Amino acid sequence: MENLMTAKIINGKEIAAQVRAELKSEIQELKEKTGVTPGLTVVLVGENPASLVYVRNKIKACEEVGINSVQHKLPETTTHEELLGLIRQLNASKEVHGILVQLPLPKQINEEEILEEISPSKDVDGFHPYNVGRLMIGNPVLQPCTPYGVMRLLESTGVDLSGKDAVVVGRSNIVGKPMAMMLLKRNATVTVCHSKTKDLIERVKKADILVAAIGRAEFIKGEWVKEGAVVIDVGMNRTMEGKLVGDVDFEGASMRASFITPVPGGVGPMTIAMLLKNTVVAASRAK
Ligand code: NDP
């Protein structure tokens with residue numbers, strides 16, 4: 001069959017490697033100038049197998065760029081007060097520039113309260129209401145890693161976002177909402193869609209920039225994609241056959257889009273790269 005694919009692939013693996021290389025030299029420079037080595041502490045409560053893998057990957061990435069990483073592995077039975085105590089201790093430590101509490105947390109722990117306890121200046125996930133507020137007023141400091149990574153991917157295309165119609169499908173606090181704020185800051189006209197949106201297909205069809213963060217395998221069909229659109233697929237879904245696919249029908253969409261991210265190898269690798277970036281930002285700002 002003739003290959004009808006016209007879209008250029010946005011190579012997240014390659015761009016994440018570029019980000020890490022930039023960070024490596026920034027870290028070196030920071031060390032030489034100030035004697036400070038950025039430090040990230042990852043807190044893991046319980047034995048969630050996916051969380052164990054994520055944490056391992058984060059620690060490995062830290063080592064690669066020269067960030068000191070420390071892991072606190074707490075038992076599943078950890079109480080809310082015990083975890084609060086650890087966070088307060090980490091907030092006070094001069095060696096710790098970034099604190100990441102791996103989610104989800106066990107039921108006895110109030111996730112929201114824990115995230116709010118993390119010092120905003122060490123909140124490398126960008127989930128603290130202070131950092132969310134900074135993003136909202138257009139003056140961000142530490143930004144949520146996944147949408148931050150998407151912005152870097154968009155930048156790599158050279159497409160000017162100003163005045164473009166951007167449609168974000170999904171409104172979670174970790175992806176959809178911060179994504180919308182970041183696109184707005186770059187002067188896109190942003191529409192946020194969700195499960196109650198009435199005319200989703202019509203809205204998607206108008207998108208010059210389409211970001212899918214839904215969590216449903218190949219939900220966005222190729223024919224919904226506007227000719228020449230830039231398509232960013234945040235979704236990570238396992239099919240019945242165990243294949244990893246995004247929220248967009250990649251094959252169909254790539255016949256119409258100008259640029260598209262693959263799954264895997266698109267947004268995924270960027271998330272950890274931006275976590276490292278946030279840690280370096282936090283360390284450079286530390287007093
Ligand atoms: P959530 O489940 O928190 O949010 C999903 C959003 O999609 C919700 O806002 C929901 O709407 C909306 N939605 C669900 N069904 C529909 C529908 N039929 N039509 C329109 N909108 C719909 O997911 P996350 O934001 O955490 O993650 C989204 C996806 O991105 C997942 O596949 C996740 O695995 C992936 N992900 C990937 C990351 C990476 O590093 N690559 C990082 C984070 C997430 P409503 O609010 O109305 O319920």
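Only a predicted model underlies this, so the values are computations on that prediction, with no experimental measurement involved.
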Check: About how many Å separate SG of C193 and CD1 of I214, when rounded to the nearest 0.5 Å?
Finding: 9.0 Å
Note to self: So E14 and S156, do their side chains get closer than 4.5 Å, heavy atoms only?
What the structure shows: no
Checklist line | Salt-bridge contact K73-E47 (side-chain N to carboxylate O under 4.0 Å) | finding: yes
Notebook entry, point to check: Should we say atom CD of E227 is surrounded by more than 12 heavy atoms from elsewhere, each under 6.0 Å from it?
Noted result: yes
Margin query: Would L40 and L275 count as a side-chain contact (heavy atoms from CB on, under 4.5 Å) here? Give the steps.
Written below: CA-CA 10 Å; L40 175 70; L275 167 70; 4.1 Å; yes
Check: Looking only at heavy atoms, what is the nearest atom pair of H97 and A282, with distance?
Finding: O-CB, 3.4 Å
Note to self: Closer than 3.5 angstrom, by distance alone: can the side chain of D208 be matched with the main-chain N or O of A229 as a donor-acceptor pair?
What the structure shows: no
Check: Minimum heavy-atom separation for T261 to G266, with atom names?
Finding: CB-CA, 4.1 Å
Checklist line | Heavy-atom pair with the smallest gap, counting every atom of A253 and I260 | finding: CB-CD1, 3.7 Å
Notebook entry, point to check: Do the side chains of N110 and I114 get nearer than 4.5 Å, heavy atoms only?
Noted result: no
Item checked: Closest heavy-atom pair and its distance - E111, P104 -> OE1-CA, 4.0 Å
Next item on the list: Without swapping roles, check the side chain of Q71 against the backbone of R56 for a donor-acceptor pair under 3.5 Å.
Entry: no
Next item on the list: Determine yes or no for a side-chain-to-main-chain donor-acceptor pair under 3.5 angstrom, with N237 supplying the side chain and V245 the backbone.
Entry: yes
Next item on the list: Say whether V36 and V280 are linked into one hydrophobic cluster, either directly or through other cluster members, by side-chain heavy-atom distances under 4.5 angstrom.
Entry: no
Notebook entry, point to check: Is it the case that more than 12 heavy atoms not belonging to K206 sit under 6.0 Å from its NZ atom?
Noted result: no
Next item on the list: Using atom types as modelled and distance alone, determine if a side-chain donor or acceptor of R186 lies under 3.5 Å from a backbone N or O of L161.
Entry: no
Margin query: Restricting to non-hydrogen atoms, name the atom on K24 and the atom on V65 that form the minimum distance, rounded to 0.1 Å.
Written below: CG-O, 3.7 Å
Margin query: To check you understand the geometry: which heavy-atom pair defines the closest contact between D247 and G215, and what is its length?
Written below: OD2-N, 2.9 Å
Check: For the hydrophobic clusters of this structure (ILVMFWY residues joined by side-chain heavy atoms under 4.5 Å, transitively), does one cluster hold both F127 and L142?
Finding: no
Next item on the list: Check whether any side-chain heavy atom of F219 sits under 4.5 Å from a side-chain heavy atom of L200, and report yes or no.
Entry: yes
Next item on the list: Look at the side chain of N278 and the backbone N and O of V124, then say whether any donor-acceptor pair between them is shorter than 3.5 Å.
Entry: yes
Next item on the list: For residues L244 and R238, determine if any side-chain heavy atom of one lies less than 4.5 Å from a side-chain heavy atom of the other.
Entry: yes
Notebook entry, point to check: Would the number of heavy atoms belonging to other residues, nucleotides or ligands and lying under 6.0 Å from NZ of K8 be above 12?
Noted result: no
Notebook entry, point to check: Under 4.5 Å between side-chain heavy atoms, hopping through other hydrophobics if needed: is there a path connecting L52 to M236?
Noted result: no
Check: Does K226 offer a backbone N or O that forms a donor-acceptor pair with the side chain of R256 under 3.5 Å?
Finding: no
Notebook entry, point to check: How far apart are the C-alpha atoms of K164 and V230, what are their side-chain angles, what is the distance that settles it, and do they pass the side-chain contact (heavy atoms from CB on, under 4.5 Å) test?
Noted result: CA-CA 11 Å; K164 294 279 158 53; V230 179; over 6 Å; no
Item checked: Spatial distance of atom CG (L100) from atom CG (L115) [nearest 0.5 Å] -> 9.5 Å
Notebook entry, point to check: Got a donor-acceptor contact below 3.5 angstrom from the K243 side chain to the M240 backbone?
Noted result: no
Note to self: With heavy-atom distances below 4.5 Å as the criterion, would you say the side chains of L30 and S284 are in contact?
What the structure shows: yes
Next item on the list: Measure the CD1-CE distance between I209 and M179 for me, rounded to the nearest 0.5 Å.
Entry: 9.5 Å
Checklist line | Residue pair K205 / E223, side-chain heavy-atom distance below 4.5 Å | finding: no
Note to self: Measuring from atom CG of D123 to atom CD of E117, what distance do you get when rounded to the nearest 0.5 angstrom?
What the structure shows: 12.0 Å
Next item on the list: Evaluate the side-chain contact (heavy atoms from CB on, under 4.5 Å) criterion for residues V141 and R285: first the C-alpha distance (whole Å), next the side-chain angles of each, then the deciding distance (0.1 Å), finally the verdict.
Entry: CA-CA 10 Å; V141 184; R285 292 169 60 93; 3.4 Å; yes
Check: Under a 4.5 Å cut-off applied to non-hydrogen side-chain atoms, are Q18 and R152 in contact?
Finding: yes
Next item on the list: Apply side-chain contact (heavy atoms from CB on, under 4.5 Å) to L210 and V169, showing your working.
Entry: CA-CA 8 Å; L210 174 64; V169 190; 4.2 Å; yes
Note to self: Same cluster or not: F250 versus I10, using hydrophobic residues (I, L, V, M, F, W, Y) connected whenever any side-chain heavy atoms lie under 4.5 Å apart?
What the structure shows: no
Check: Side-chain heavy atoms under 4.5 angstrom apart, residues restricted to Ile, Leu, Val, Met, Phe, Trp, Tyr: same cluster for V167 and M182?
Finding: no
Note to self: If you define the side chain from C-beta out and look only at heavy atoms, does anything of E82 sit under 4.5 Å from L74?
What the structure shows: no
